[in-house]
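Because the structure is a prediction, the values reported are computed rather than measured.
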Amino acid sequence: FQSTRSIIRALATSNLEMCLDLAMRLNTQNRCDNAILELVKTTMDGRLEIFDFDILERALKAFVDQDSCDEAITRIIERLSIEKEFPQSALHRVLPFISRIAEIRSARQRCRGCCLAHSLISRFDETGEYNSLRSYLLKLLGESWRSIDVGWAKVDAGFQIVRLLAKHAPDLARDCLAETESTRREITFDANGTAWTYQTCLQLAVRAFAGLLPSHVDLESDYVRLQDLTDHLPSSGERAKIWAEFAQRCFIAKRSDEGKRIVAEHVKPLLHEIHDTDQSYYADTVVSVAPALYIAHPLTARELIRCLAQ
């Protein structure tokens, strides 16, 4: 892909059809996806008048990697949303891209796509023809925001939503701000920096606790204390990762029964708590806890990994 990137960029500004054909002819799927994404990025740097929406739709359908496709959808919506002039008669051309926002696997990225699309339609739909679409986008936005598992990421996404909605939907922005502030008050950690520091300390505590395991000098009160500290994290996925690391330490110390108990009582239930509409974060979490799951029950772990989207 690196050797063809300059060619992709040149063709994307002169012959988009040939550019897509070249991208799809590359000899591995990863290279094809990277080339198609480069095509989209380069096209989005140009003027709206030269966009070929039909080829862009074909490009999105050509992706195999969903994360690359999600990035391309977001890039297209972002680019269209900054246009200062957009004839209402042309709005129907962007509907296929807006309809794909619901397919974005990351809840946080989906929130951004909904806000940008809502802004685009609010600014240029002078007749109210797309009011139902705006309502749908707001419903999808609310569902996506509430499904974000990591508390501090949810708060940050909420403030970004407020910023994106403030100019064209001030009443909605105020409602979102109130809900974000309410969520912020309910959780212990509302910023990435403090949460990261606390997680690092928890990981150190797990390592220290693991030193007691080989000699069987650990106490039940130690376990209860670790559980209490872990429960302060406002994220089922992040708690699952802490418990999975502890389970692995138990397996290393030849305390298999304790390791299996932790997987059964903590890791698996916490995985089930992650909302199924935040598929990207769920998949990342499953990958992180997979070693502990596999040691505890190989067949279940294989089945869980097999069900993940490509």
Side-chain angles (χ1 to χ4, degrees), residues 28-34 37 63-74 102-113 144-154 156-157 189 192 195-207 210 226-227 230-231 233-253 256 258-310:
T28 67
Q29 193 57 61
N30 183 56
R31 290 172 180 169
C32 288
D33 285 339
N34 286 336
L37 184 58
F63 280 110
V64 171
D65 178 60
Q66 187 60 42
D67 288 337
S68 298
C69 184
D70 293 347
E71 184 178 350
I73 294 169
T74 306
E103 301 173 10
I104 296 176
R105 295 170 68 235
S106 166
R108 191 169 181 175
Q109 195 173 7
R110 198 161 58 246
C111 286
R112 179 170 177 77
S144 300
W145 182 74
R146 294 183 187 93
S147 72
I148 297 175
D149 176 71
V150 182
W152 54 91
K154 187 174 184 178
D156 185 58
F189 302 102
N192 182 65
W196 180 86
T197 301
Y198 187 77
Q199 285 177 282
T200 303
C201 291
L202 272 179
Q203 291 170 339
L204 290 173
V206 167
R207 293 184 182 185
L226 180 63
Q227 181 174 353
T230 304
D231 286 345
L233 280 175
S235 167
S236 298
E238 298 308 306
R239 294 200 301 274
K241 293 174 185 177
I242 295 295
W243 283 115
E245 182 176 349
F246 185 43
Q248 288 178 254
R249 300 281 178 179
C250 290
F251 291 130
I252 292 171
S256 297
E258 286 88 339
K260 290 179 180 179
R261 177 168 66 92
I262 290 167
V263 170
E265 293 181 0
H266 296 288
V267 179
K268 287 183 178 179
L270 287 167
L271 277 179
H272 291 151
E273 289 179 12
I274 301 176
H275 207 290
D276 58 3
T277 54
D278 197 354
Q279 298 175 24
S280 180
Y281 179 71
Y282 174 76
D284 290 342
T285 305
V286 169
V287 171
S288 295
V289 304
L293 291 174
Y294 184 82
I295 298 172
H297 200 290
L299 290 178
T300 302
R302 286 197 201 100
E303 184 60 31
L304 196 62
I305 294 170
R306 191 179 297 116
C307 292
L308 294 178
Q310 295 298 317

Return yes if some donor-acceptor pair links the side-chain N/O of Trp145 with the main-chain N/O of Lys154 below 3.5 Å, else return no.
yes
Heavy-atom nearest pair, Lys268 first then Leu293, reads CG-CD2, 4.0 Å
Carboxylate-amine/guanidinium contact Arg249 Glu245, below 4.0 Å
yes
Should Val206 and Leu226 be marked as a side-chain contact (heavy atoms from CB on, under 4.5 Å) after you check the CA-CA gap, both sets of side-chain angles, and the distance that decides it?
CA-CA 8 Å; Val206 167; Leu226 180 63; 4.2 Å; yes
Sub-3.5 Å donor-acceptor pair from the side chain of Asp33 to the main-chain atoms of Val64, do we have one?
yes
Evaluate the side-chain proximity of Trp243 to Val289: yes if any heavy-atom separation is below 4.5 Å, no if none is.
no
Taken to the nearest 0.5 Å, the spacing of Gln279 CD from Gln66 CD works out to 8.0 Å
Whether the Arg302 and Tyr294 side chains hold a donor-acceptor pair (N or O, under 3.5 Å, no angle test) is what I'd like checked.
yes
Hey, could you give me the CH2/CD distance between Trp152 and Glu238, rounded to the nearest 0.5 Å?
5.0 Å
Does a side-chain heavy-atom distance below 4.5 Å link Leu270 with Thr285?
no
Hey, could you give me the CD1/CZ distance between Ile73 and Arg110, rounded to the nearest 0.5 Å?
11.0 Å
Compare every heavy atom of Phe63 with every heavy atom of Ala72, then report the nearest pair and how far apart it is.
CB-CE1, 3.7 Å
Closest contact, heavy atoms only, Leu37 versus Ser68
CD1-O, 3.8 Å
Give the minimum heavy-atom separation between Asp70 and Arg105, together with the two atoms involved.
OD2-N, 3.0 Å
Closest non-hydrogen atom pair between Cys250 and Glu258, with its separation
SG-CB, 4.2 Å
So CG of Asp278 and CZ of Arg146: to nearest 0.5 Å the spacing works out to 14.5 Å
Please report the closest heavy-atom contact between Ile262 and Ala247, naming both atoms and the distance.
CG2-CB, 4.0 Å
For the residue pair Gln227 and Glu265, establish whether any side-chain heavy-atom pair is separated by less than 4.5 Å.
no
CZ-CG distance between Phe246 and Leu202, expressed to the nearest 0.5 angstrom
12.0 Å
Working to the nearest 0.5 angstrom, can you tell me the gap between Asn34 CG and Gln29 CD?
10.0 Å
Main chain of Ile274, side chain of Asp149: is a donor-acceptor contact present, judged purely on distance under 3.5 Å?
no
